[in-house]
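All values reported here derive from a predicted model rather than from experimental measurement. Numbered from 1 within each chain, the chains take letters A, B, ... in sequence-line order.
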Protein chains: 2
Amino acid sequence: MNNFDCLKLENQLCFPLYAASKEVIKKYKPYLDEYGLTYTQYIALMVLWNEREINVKKLGEKLFLDSGTLTPLLKKLEAKGLIKRTRSLTDERNLMVSITNTGDNLKEKLASIPFNVGKCVNLNEEEAKTLYTLLYKVLKSTVD
Amino acid sequence: MNNFDCLKLENQLCFPLYAASKEVIKKYKPYLDEYGLTYTQYIALMVLWNEREINVKKLGEKLFLDSGTLTPLLKKLEAKGLIKRTRSLTDERNLMVSITNTGDNLKEKLASIPFNVGKCVNLNEEEAKTLYTLLYKVLKSTVD
DNA sequence: TAAAATTAAATTGTGTACAATTGAATTGTA
DNA sequence: TACAATTCAATTGTACACAATTTAATTTTA
């Protein structure tokens, strides 16, 4: 491998990561379109289905997104009636985001999506588990 | 695992893929900033360093990007003097993109970036190879 | 406790991404 | 060979994504 081979697209690790991420997210689109949701809105809801209430800062840490991305996104989810945005009473710097009943009811309808998307990604259970582990290892190393 | 556990962020395969992709790309930023380049511009150059000349359609297939993304991006690279855009003489529908001398000279300077980014991703050679293989398997399955 | 430092969200500006449409060029076919 | 179908790039419109800055609230500290 000469000096410049490392500059070939097919020798990069980042490129298939970038491309696979986008292609898998595209697979969500037809399912999410039915509910007028985007992938990013979907993962935000996913956090709220579990957390019930969380501030923007912590939501951003979980999703690896900042307020520049989340502020407009959350306003859209609020406009759809799926979440509620309220300033914390104890610390007005914090905006508390919580799930509404309407938003919570979507949970049932959206539950089958990951399974359906999973079916068209051609990995067996072991490969999926290995990929999962390696991706979290990458994530962990890039964050600190 | 109950019905809704599949809706937890930490049980998704797509989410760490999405997040790891973004975090690794961020690692490129300080290196690319020196040359006023973005990651997407960088991978476009990477193709051109090898292909010398390619039309937008084929470039898009290699990068998993469409003309909506590439047209403005290529105009920026042209404005920087790194590439040239010319209509094909034999078929004017095709826009031929080629690397300029200035663009080619960047190759030397940008050669060390993937190595430097690689160092801060905490995977050994075997893990990197496994991840690479699995990502291409995902890519292949999502494309057809 | 008043000023400085910190924190959190919002805003601003740039650059992707991509679906859908448009328009020009070429190809296939009746 | 006209004309319909196809192909390619550009355009339009929406939605992130993120760096950098701003604004407001809170905490620290002199």
Discussion item. Judged by each residue's nearest nucleotide on DNA chain D, which is more toward the 5′ side, A/D91 or A/T40?
Written reply: A/T40
Worksheet item: Closer to the 5' end of DNA chain D via nearest nucleotide, is it B/N55 or A/I43?
Response: B/N55
Look at [X] and [N] and indicate whether a side-chain polar atom (N or O) is within less than 4.0 Å of OP1 or OP2.
| X | N | answer |
| --- | --- | --- |
| B/N94 | C/dA25 | no |
| A/K26 | C/dA19 | no |
| A/R87 | C/dA10 | yes |
| B/R85 | D/dA10 | yes |
| B/Y18 | D/dA17 | yes |
| A/K22 | C/dC18 | yes |

If you look at every strand shown and take non-hydrogen atoms under 4.0 Å, does [X] touch a base, only sugar-phosphate, or nothing?
| X | answer |
| --- | --- |
| A/S67 | base |
| B/D66 | base |
| A/L73 | sugar-phosphate |
| B/K75 | sugar-phosphate |
| A/T90 | sugar-phosphate |
| A/T38 | sugar-phosphate |

Practice prompt. Quick one: look up who D/dA17 pairs with, Watson-Crick or G-U, both distances under 3.5 Å, and put none if it's unpaired.
Written response: C/dT14
Between [atom2] on [N] and [atom1] on [X], what's the gap in Å once rounded to a whole number?
| X | N | atom1 | atom2 | answer |
| --- | --- | --- | --- | --- |
| A/E78 | C/dA9 | CD | C1' | 14 Å |
| A/L65 | C/dA9 | CG | C1' | 14 Å |
| A/L32 | C/dA19 | CG | P | 13 Å |
| B/E92 | C/dT27 | CD | C1' | 16 Å |
| A/K29 | D/dC16 | NZ | C1' | 13 Å |

Any side-chain to backbone donor/acceptor pair from [X] onto [Y]? Under 3.5 Å, distance only.
| X | Y | value |
| --- | --- | --- |
| A/K27 | B/T142 | yes |
| B/R85 | B/M96 | no |
| A/T100 | A/G103 | yes |

Discussion item. Quick one, B/K137 and A/L123 - any side-chain contact, counting heavy atoms below 4.5 Å?
Written reply: yes
Worksheet item: Is any side-chain N or O of B/T71 under 3.5 Å from a base N or O of D/dA9, one able to act as donor and the other as acceptor?
Response: no
Worksheet item: Counting side-chain heavy atoms from C-beta on, which of D/dT26, C/dA9, C/dA25 comes nearest to A/R93?
Response: D/dT26
Discussion item. Reading DNA chain C from 5' onward, which residue's closest nucleotide shows up sooner: B/K76 or B/G68?
Written reply: B/K76
